[in-house]
Structures are given as C-alpha cells and as structure tokens.
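Here is the structure we will look at, set down as structure tokens.
Proteins get letters first, then strands, A, B, ... in listed order; numbering begins at 1 in each.
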Number of protein chains: 2
Amino acid sequence: MTDPDTVPEPAPETLPDSAETSDRFAQARTAQSVALLEDYVELIGDLIAEHGEARITDLAQRMGVTHPTVTKAVARLRREGLVISRPYRGVFLTDSGAAMADKVRARHRTVVSLLVALGVPPETAELDAEGMEHHVSEVTLQAFEAYLARQG
Amino acid sequence: MTDPDTVPEPAPETLPDSAETSDRFAQARTAQSVALLEDYVELIGDLIAEHGEARITDLAQRMGVTHPTVTKAVARLRREGLVISRPYRGVFLTDSGAAMADKVRARHRTVVSLLVALGVPPETAELDAEGMEHHVSEVTLQAFEAYLARQG
DNA sequence: CAAGTAGTGTAGCCTTGGCTACATTCCGCG
DNA sequence: CGCGGAATGTAGCCAAGGCTACACTACTTG
C-alpha cells in the first residue's frame, strides 16, 4: 500500500489507450485505499480539538462503525506512523498525522465550497464531497481554488 | 451493507452533528461499493460497442487486473442482474446493465467536462474523474450540467 | 483431425474493512 | 476498598477484491 511501484505491469507493449485506462483504474483504487486513513486522521484531529483526545468510542460513533473496526483502523494508522496510541488510552496524531489532517480538512472545505459555488445545496455538497475529495488531485484542487478566487 | 437500519445508535441525545457525520461516511462507503460495478458495466458496454462482445481477457487488460479477478467480478454482476454470461462465452449487458452503463458514461463525460471547464488539464481531469464520478449525486450532476450549459 | 495456443474457469491464499461475542481494563462511586 | 458499568481489546467470522497456480475448453491451423 505504501509501495505502489510493486503493481504488476505485465504487458508494456499493449495499446496506449488500454495502458492509460488501467492506470486510471489503478490510481482510483489506490486513492480509495488511502481514503479511510484520511477520514480517520481528520476525525481524530477534530476530536482532539474538541475534547483534547480522541477516544475509540467517539471515533466509532462518528464514523458509523463499531469499535473493533476502529481498533483495527487505528492499528493500521499506527503502522503508517500517523498516530500514536497506548492501550486503554486515547489516540493522538503524530506530526505527519497532524499535517495530513490539516491538508485533508482544507481540501474538504475547498471541495464543498466549489460545489456550493456551482449551485449544489450545502447538505448535498457535504455528502458528495465526503466521497469525492479523496480523488481530487493537487492540480485539480488548485483549479478549484483558482475558480473560487476568480468567483469572489 | 444492505441493511443500514441495524446500525447501533446508542445515544440518540448526541450532538446532531455526529449523526450527520456517520451518515455521510456510510453513504461514501456505499458509493464506493457500487463503484466497481459501475466501472465494469461501463467498460463492458464500451467493449460491446467496439467488438460486439466483451471478453474476460479484454476486461482484465482494461481494468488493469488479472483474469480471475474479472471472473469474480462478473459473477457478482450476474448476481446483481446487470450482465448475462455463459461459460467460455462473452459477457453481455442486461437491460438494466445497459441502462446503468449509459448513465455512468454520461456522468463520466459530464464530470470530465466540468473539470476541464474549471481549468484542469484533460489528462488530470480524466484521472480524477475516474475516482470522483462515483460519488457525484444526481443533484450535483445537474448542477454540473447547468454550469456547463451556462458556460457555453 | 489433431495439436497447440489463447482464453476461461477453479482453487486457494492474502488484505481490508465490516461485524458479533467475549474478555479485560479503567474509573467513579458507594 | 471494592464493585459495576463503560471503554477497550481480542478472537473469529464474512464478503470483496486482489493475486498465483493449475485445469480445462475452444479455435486455428497445419
């Protein structure tokens, strides 16, 4: 997961169109695998800001999953170096986790703002942004920001 | 997954924000589970248009996965009533599969067009749209189309 | 018609992200 | 201090979506 260059590319002599296509799908797949981590990190940041700590139960409730699911996810976040946690204690962000949280939060706001600026109702914008945001590349994000700036 | 009302909601007196949040994540999760089906259905439609049939190998190549992965996916598509297939024969869309393919293709075009209209380079637009499109609701899609129409 | 190769199918394994059920720890309160 | 309930951890299950390895079918072609 942290090593996307192990993706097998068995047929380099395939049609350029097909190669592009599989790349596109592969990229979408990778983005999806990062999405959950991003959501957790952002949420942990929110909870720490609100309560000084992020508890498993609160994370579970906000994510709409059960607590063992959160425990598993936190284990993965630890492996990725995004959070630190001790048994029966809360979960906290590392520096890189905090950085990711900031980035994700900013991107989320931008996507929502863009949708609203295009006439999407705020609640729908919030809903759709939750899924879309993880697939918005840096380049596209900047285009969004440029549009919003242009718009006023 | 098909039965979201079994989700434990132990604390109905929690902040309204929290309830909304879990709904958002739940919706994003559902959308993600449909995404692959949509991609396959669209691709099958493309291949049938091009070659008169969709072969497992071609699907595998275009999706950037191996053929057993496609076989599994096709089994799921069959279960969902989106395709019909016989062993060692190609894969074909049912009526509902074809309808989904049309819808997905149109949505894909709209999302790409919108990104391009906002100044995203075409290749990036294609890449990002692949992931984003599955999370674009009907309402948001219409907002996109309205913007594009307004734009000319 | 008989090979041989390309295409499919099947088996079995892995990881992720869900879940339930049960065990354990922590903490506040009597 | 001890006890009970809430929070957390752990075990084990499932489905989905990857993979490799191996078996079988079908088609082309000599």
Side-chain angles (χ1 to χ4, degrees), chain A residues 1-4 6-11 14 22 25-40 43 47 51 53-80 83 85-92 134, chain B residues 1-11 14 22 25-40 43 47 51 53-80 82-83 85-92 134:
Chain A
M1 211 77 47
T2 54
D3 199 11
T6 52
V7 173
E9 214 67 19
T14 43
S22 56
F25 287 121
Q27 172 151 335
R29 254 177 269 132
T30 304
Q32 172 228 335
S33 98
V34 180
L36 250 218
L37 296 190
E38 291 183 341
D39 283 336
Y40 272 105
L43 193 44
L47 287 171
H51 308 124
E53 68 169 350
R55 290 155 68 231
I56 298 285
T57 299
D58 295 339
L59 287 167
Q61 197 222 327
R62 296 271 192 119
M63 293 291 293
V65 299
T66 57
H67 84 265
T69 299
V70 173
T71 301
K72 270 195 196 178
V74 168
R76 193 169 156 221
L77 290 167
R78 282 187 61 140
R79 263 187 279 137
E80 309 271 345
V83 307
S85 68
R86 299 202 334 269
Y88 297 100
R89 290 292 124 93
V91 181
F92 299 91
H134 303 289
Chain B
M1 207 75 64
T2 54
D3 198 12
D5 50 29
T6 53
V7 172
E9 215 66 18
T14 43
S22 56
F25 287 121
Q27 172 151 336
R29 254 177 269 132
T30 304
Q32 172 227 333
S33 98
V34 181
L36 249 218
L37 296 189
E38 291 183 341
D39 283 337
Y40 271 105
L43 194 44
L47 287 171
H51 308 123
E53 68 169 352
R55 289 156 69 230
I56 298 286
T57 299
D58 295 339
L59 287 167
Q61 197 222 329
R62 295 271 192 120
M63 293 291 294
V65 299
T66 57
H67 84 263
T69 299
V70 173
T71 301
K72 269 196 195 176
V74 168
R76 194 170 155 219
L77 291 167
R78 284 187 60 139
R79 263 187 279 140
E80 309 270 345
L82 295 168
V83 308
S85 68
R86 298 203 333 270
Y88 297 101
R89 290 291 124 95
V91 182
F92 300 91
H134 303 288

Original post:
If you find the nucleotide of DNA chain C closest to B/D58 and the one closest to B/Q32, which residue's nucleotide is nearer the 5' end?
Top reply: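 Taking each residue's closest nucleotide, the earlier one in sequence belongs to B/D58.
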Without decimals, in angstroms, what is the distance between [X] [atom1] and [N] [atom2]?
X: B/L59; N: D/dG18; atom1: CG; atom2: P; value: 13 Å
X: B/M63; N: D/dG18; atom1: CE; atom2: C1'; value: 12 Å
X: A/R55; N: D/dG9; atom1: CZ; atom2: P; value: 12 Å
X: A/Q61; N: D/dA6; atom1: CD; atom2: P; value: 15 Å
X: A/I56; N: D/dA7; atom1: CD1; atom2: C1'; value: 9 Å
X: B/R89; N: D/dT25; atom1: CZ; atom2: C1'; value: 10 Å
X: B/R29; N: C/dG17; atom1: CZ; atom2: P; value: 11 Å
X: A/D39; N: C/dG17; atom1: CG; atom2: C1'; value: 13 Å

Original post:
Is the distance from OP1 or OP2 of D/dC19 to the nearest side-chain N or O of B/T66 less than 4.0 Å?
Top reply: yes
Original post:
Hey, does the side chain of B/T57 come within less than 4.0 Å of C/dT8's phosphate (OP1/OP2), counting only N and O?
Top reply: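 For B/T57, the contact criterion (side-chain N or O under 4.0 Å from OP1 or OP2 of C/dT8) is met.
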Subject >> Heavy-atom closest pair, residues A/S85 and A/V74 >> reply: OG-CG1, 3.9 Å
Subject >> Closest approach of A/Q61 to B/S22 (non-hydrogen atoms, all atoms of both residues) >> reply: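 In terms of heavy atoms, the two residues are closest at O-CB, 3.5 Å.
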Original post:
Would B/H134 and B/E38 count as a side-chain hydrogen bond (donor to acceptor under 3.5 Å, both in side chains) if you check the C-alpha gap in whole Å, the side-chain angles of each, and the deciding distance to 0.1 Å?
Top reply: CA-CA 8 Å; B/H134 303 288; B/E38 291 183 341; 2.6 Å; yes
**OP:** For the side chain of A/Y88, starting at C-beta, report the closest nucleotide among C/dC13, C/dT8, D/dT8.
**Re:** D/dT8
**OP:** Check every atom of C/dT10, D/dG18, C/dC19 against the side chain of B/K72 and return the nucleotide holding the closest atom.
**Re:** D/dG18
Subject >> Pairwise 5' ranking along DNA chain D for B/H67 and B/A73, keeping only the more 5' one >> reply: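 Between the two, 5'-proximity favours B/A73.
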**OP:** Give a yes or no on whether the backbone of B/A26 and the side-chain of B/T30 come within a donor-acceptor separation of less than 3.5 Å.
**Re:** yes
Subject >> Polar side-chain atom of B/S33 near backbone of B/R29 as donor-acceptor pair, under 3.5 Å >> reply: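 No.
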Original post:
Is B/T69 touching bases, backbone alone, or none of the nucleic acid, heavy atoms closer than 4.0 Å?
Top reply: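 Result for B/T69 = base.
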